[in-house]
> 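There's a structure below that I have some questions on.
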Amino acid sequence: MASGLRAVVLFGLLLLPLLAQAQLRIEIVDGVEGAMPIAVVPFAWESEMPEPASPVHEIISANLARSGLFEPMAEDSMIERPTRPPEVRFGSWRLLRVDHIVIGRVIDAPDGIGQEIEYHLLDVHSGRILLSQALPVAPGDLRFGAHRVTDAVYEELIGIPGAFATRIAYVVVTDIGGPDELFELVVADADGFNPQTVVRNTQPLLSPAWGPEGRRLAYVSFATGRSNVIVQDLFTGQTEVVSSSPGINGAPAFSPDGQRLAVSLSRGGSPDVWVIDLDSGSQEQLTQHWSISTEPAWSPDGERIYFTSDRAGRPQIYVMDADGDNVERVTWEGNYNARVSIGLEERFLATVYSEGDNDFRIAIHDRETERLRVLSDGRLDESPSFAPNGSMLLYGSRENGRGVLAAVSADGRIRQRLVDSEGDVREPAWSPILR
């Protein structure tokens, strides 16, 4: 079994003993007008294993629809059900006015371990085969395989990698302020399926952050009565307290190589940005200022660290070299910018933004054009987190007095709402692409 498949199996085994959370329900609020028409034809099931309740083609179709960029054809409108390229009659599909079709079948893997998704993406107008691949999947993990197929289709047609084979982490709080108040750190597939509780406690859990390999989570726990920064391995369940200094221990962020963790510590009085070497445990202070310096975020190349500081009187985003030198203010528009998330290109920065009117929204700052785009319309939006391909932003919002998750495309045209039926949902973090 390939190492990637083995990792997926281990991840599933780890989470089995934990109690499942309520599934997030994703609602498309706004999509792109004139979305690309596509048909995902039911895949032939040629495996000896029982077909799952959610077939592969349905997952692929739902993913594409959820992106807001595609308009999948309804299954009952398909007059043919080809599963191999020679079976496709392109004239029929042209009459149905679709641009592309996805066909395929699920078969047992040649080595007897797991299955293969054999799939093909075809251009209806030219008759060309754009993709033709056989994807091995671990036993019981067809849903993840379907997400990887969607990633490949998305990249071929849109030109940027897909982000469907990812996970999201978030905090759910139930019975807020009551005697049974409970905090749970939950991990789920990016489409809201397979939610599993990683840790639960009666004390607050904050600021989940993914390791670059997608197997570790850093977060802040108050389980001991004061803040501690924890790193947890999702494959083994092993946890490590990496910072428990007196005062504030918060806002963890993994370096792109996964070897260091930037945090905010108040060991010297006001919170400052520190970096912890995860192998040696050594800690280095990067900022030394009377003001607050917090919420660090690494540049994609690991050479710079962005952070929030009120050294100019109000919270704004600053950047410095990874050794603490050359501090520079980045955001100038708005009275408040905080909790920065960095897009695929360092050119785009997402922040919690306010004009000073007590409305906090999600905005993107374009460092090249120096333009600002406000993307959300809530009053208390928080914790923006870019998808690993930079196409979407996940964030926390408020709806009818409770916390929900929302997502918006980087251009503001596509909007989604992710609703949990049981608790107050907050502090989202989008994982890297899982392999």
> List the steps and the verdict of side-chain contact (heavy atoms from CB on, under 4.5 Å) for Leu375 and Leu393.
CA-CA 9 Å; Leu375 298 180; Leu393 273 163; 3.7 Å; yes
> Does the side chain of Val241 come within less than 4.5 Å of Thr224's, by heavy atoms?
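With C-beta onward as the side chain, the pair stays apart.
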> Looking only at heavy atoms, which two atoms of Ser227 and Val220 are closest? And how far apart?
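Scanning both residues, the minimum pair turns out to be CB-CG1, 4.0 Å.
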> With sequence neighbours excluded, what pairs up with Tyr336 under the ring-ring contact (aromatic ring centres under 6.0 Å, His included) test?
Phe360
> Keeping Arg402 on the side-chain end and Gly423 on the backbone end, is there a donor-acceptor pair under 3.5 Å?
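Confirmed, Arg402 side chain pairs with Gly423 backbone.
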> Sequence neighbours excluded, which residues qualify as side-chain contact (heavy atoms from CB on, under 4.5 Å) partners of Ile248?
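In terms of side-chain contact (heavy atoms from CB on, under 4.5 Å), with neighbours along the sequence ignored, Ile248 is linked to Ser266, Pro271.
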> Work out which heavy atom in Gly145 is nearest to a heavy atom in Leu135; give both atom names and the distance.
O-CD2, 3.5 Å
> Between Arg329 and Ala312, is there a donor-acceptor pair closer than 3.5 Å when you use the side chain of the first and the backbone of the second?
no
> Under a 3.5 Å distance rule, please check whether Asp366 uses its side chain to pair with a backbone N or O of Arg371 as donor and acceptor.
no
> Would you say that Leu185 contacts Gln232 through its side chain, given a criterion of any heavy-atom pair below 4.5 Å between the two side chains?
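The answer is no, as the side chains (C-beta and beyond) never meet within the 4.5 Å cut-off.
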> Of all residues at least two apart in sequence or in a different chain, which pass the side-chain hydrogen bond (donor to acceptor under 3.5 Å, both in side chains) check with Glu355?
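Only Tyr353 meet the side-chain hydrogen bond (donor to acceptor under 3.5 Å, both in side chains) criterion with Glu355.
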> So does Glu295 get a backbone contact from the side chain of Ser264, meaning a donor-acceptor N/O pair under 3.5 Å?
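Side chain of Ser264 to backbone of Glu295, a donor-acceptor pair under 3.5 Å: no, none is there.
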> So, do Asn326 and Met320 sit near enough that their side-chain heavy atoms are less than 4.5 Å apart?
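A side-chain contact under 4.5 Å is absent here.
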> Backbone N or O of Ala163 within a donor-acceptor pair of the Asp151 side chain at under 3.5 Å?
yes
> For Ser293, enumerate each residue passing the side-chain contact (heavy atoms from CB on, under 4.5 Å) test, keeping only those at least two apart in sequence or located in another chain.
Asp272, Val273, Thr287, Ser291, Phe307, Ser309, Arg311
> Would you give the length of the straight line joining atom CH2 of Trp332 to atom NE2 of His365, rounded to the nearest 0.5 angstrom?
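One gets 13.0 Å once the value is rounded to the nearest 0.5 Å.
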> Does any non-hydrogen side-chain atom of Pro208 lie less than 4.5 Å from one of Glu427?
yes
> Applying side-chain contact (heavy atoms from CB on, under 4.5 Å) to Leu157 and Leu130, what does each step give before you reach the verdict?
CA-CA 9 Å; Leu157 298 180; Leu130 303 180; 4.0 Å; yes
> What pairs meet the salt bridge (Lys or Arg N to Asp or Glu O under 4.0 Å) rule with one or both residues in residues 246-256, with sequence neighbours excluded?
none
> For the side chain of Thr331 and the backbone of Ile317, is there at least one donor-acceptor N/O pair under 3.5 Å apart?
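Yes; judged by distance alone, with no hydrogens or angles, the pair exists.
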> Rounded to the nearest 0.5 Å, how far does CH2 of Trp274 lie from OG of Ser243?
9.0 Å
> Indicate the atoms forming the closest heavy-atom contact of Phe386 with Ser341, along with that distance.
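Heavy-atom minimum between the residues: N-OG, 3.1 Å.
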> Can you give me the closest heavy-atom contact between Ser376 and Asp381, atom names plus distance?
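Scanning both residues, the minimum pair turns out to be OG-OD2, 2.5 Å.
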> Give me the atom names and distance for the closest heavy-atom approach of Pro212 to Ser255.
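In terms of heavy atoms, the two residues are closest at CG-O, 3.8 Å.
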> Would a 4.5 Å heavy-atom cut-off, applied to side chains only, mark Glu346 and Tyr306 as touching?
yes
> Do you know the tightest heavy-atom contact between Ser221 and Ile230?
CB-CG1, 4.0 Å
> With distance as the sole test, does Arg361 use its side chain to make a donor-acceptor pair with the main-chain N or O of Gly378 at under 3.5 Å?
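Pair found, side chain donor or acceptor close to backbone of Gly378.
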> In terms of side-chain geometry, is the basic nitrogen of Arg260 or Asp277 positioned less than 4.0 Å from the acidic oxygen of its partner?
no
> With a 4.5 Å cut-off on side-chain heavy atoms, are Ser207 and Pro252 touching?
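Touching, per the 4.5 Å side-chain cut-off.
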> List for me each residue that meets side-chain contact (heavy atoms from CB on, under 4.5 Å) alongside Ala152, sequence neighbours excluded, and say none if there are none.
Tyr119, Leu131
> Counting neighbours of CD on Glu71 that are heavy atoms of other residues, nucleotides or ligands and sit closer than 6.0 Å, is the number greater than 12?
no
> Spell out, as yes or no, whether a donor-acceptor pair under 3.5 Å connects the side chain of Ser354 to the backbone of Gly356.
yes
> Do Phe70 and His100 touch side chain to side chain, with heavy atoms closer than 4.5 Å?
no
> Atom OG in Ser391, atom CD1 in Ile160: separation rounded to 0.5 Å?
5.0 Å
> Ignoring hydrogens and angles, tell me if any N or O in the side chain of Gln416 forms a donor-acceptor pair with the backbone of Arg66 under 3.5 Å.
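Pair found, side chain donor or acceptor close to backbone of Arg66.
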> Quick one: pull up CD in Glu184 and OG1 in Thr174 and give me the separation to the nearest 0.5 Å.
6.0 Å
> Before giving the answer on side-chain contact (heavy atoms from CB on, under 4.5 Å), spell out for Val327 and Val319 the whole-Å C-alpha distance, their side-chain angles and the decisive distance to 0.1 Å.
CA-CA 6 Å; Val327 178; Val319 66; over 6 Å; no
> With a 4.5 Å limit on heavy-atom distance, are the side chains of Gln283 and Ser245 in contact?
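Yes. Closest side-chain heavy atoms under 4.5 Å.
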> Okay, side chain of Asp189, backbone of Asp191: is any donor-acceptor separation there less than 3.5 Å?
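Not a single qualifying donor-acceptor pair exists.
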> Using the rule given for side-chain contact (heavy atoms from CB on, under 4.5 Å), can you reason through Val173 versus Glu181, listing the C-alpha separation, both sets of side-chain angles and the distance that settles it, and then say yes or no?
CA-CA 7 Å; Val173 188; Glu181 184 176 52; 4.1 Å; yes
> For the atom pair OG1 (Thr239) and CZ (Arg216), what is the distance rounded to the nearest 0.5 Å?
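Reported to 0.5 Å precision, the distance equals 14.0 Å.
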> Do other residues, nucleotides or ligands put more than 12 heavy atoms under 6.0 Å from the CZ atom of Arg226?
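Count over threshold, so yes.
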> Please report the C-alpha distance between Asp233 and Arg215 in whole Å, then the side-chain angles of each, then the deciding distance to 0.1 Å, and finally whether the salt bridge (Lys or Arg N to Asp or Glu O under 4.0 Å) criterion is met.
CA-CA 6 Å; Asp233 188 312; Arg215 67 174 285 164; 2.7 Å; yes
> Do the charged groups of Glu345 and Arg367 touch, with an N to O distance under 4.0 Å?
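So Glu345 does not pair with Arg367 through a salt bridge.
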> Can you measure from OH (Tyr219) to CG (Asn228) and round to the nearest 0.5 angstrom?
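It is 10.5 Å, given to the nearest 0.5 Å.
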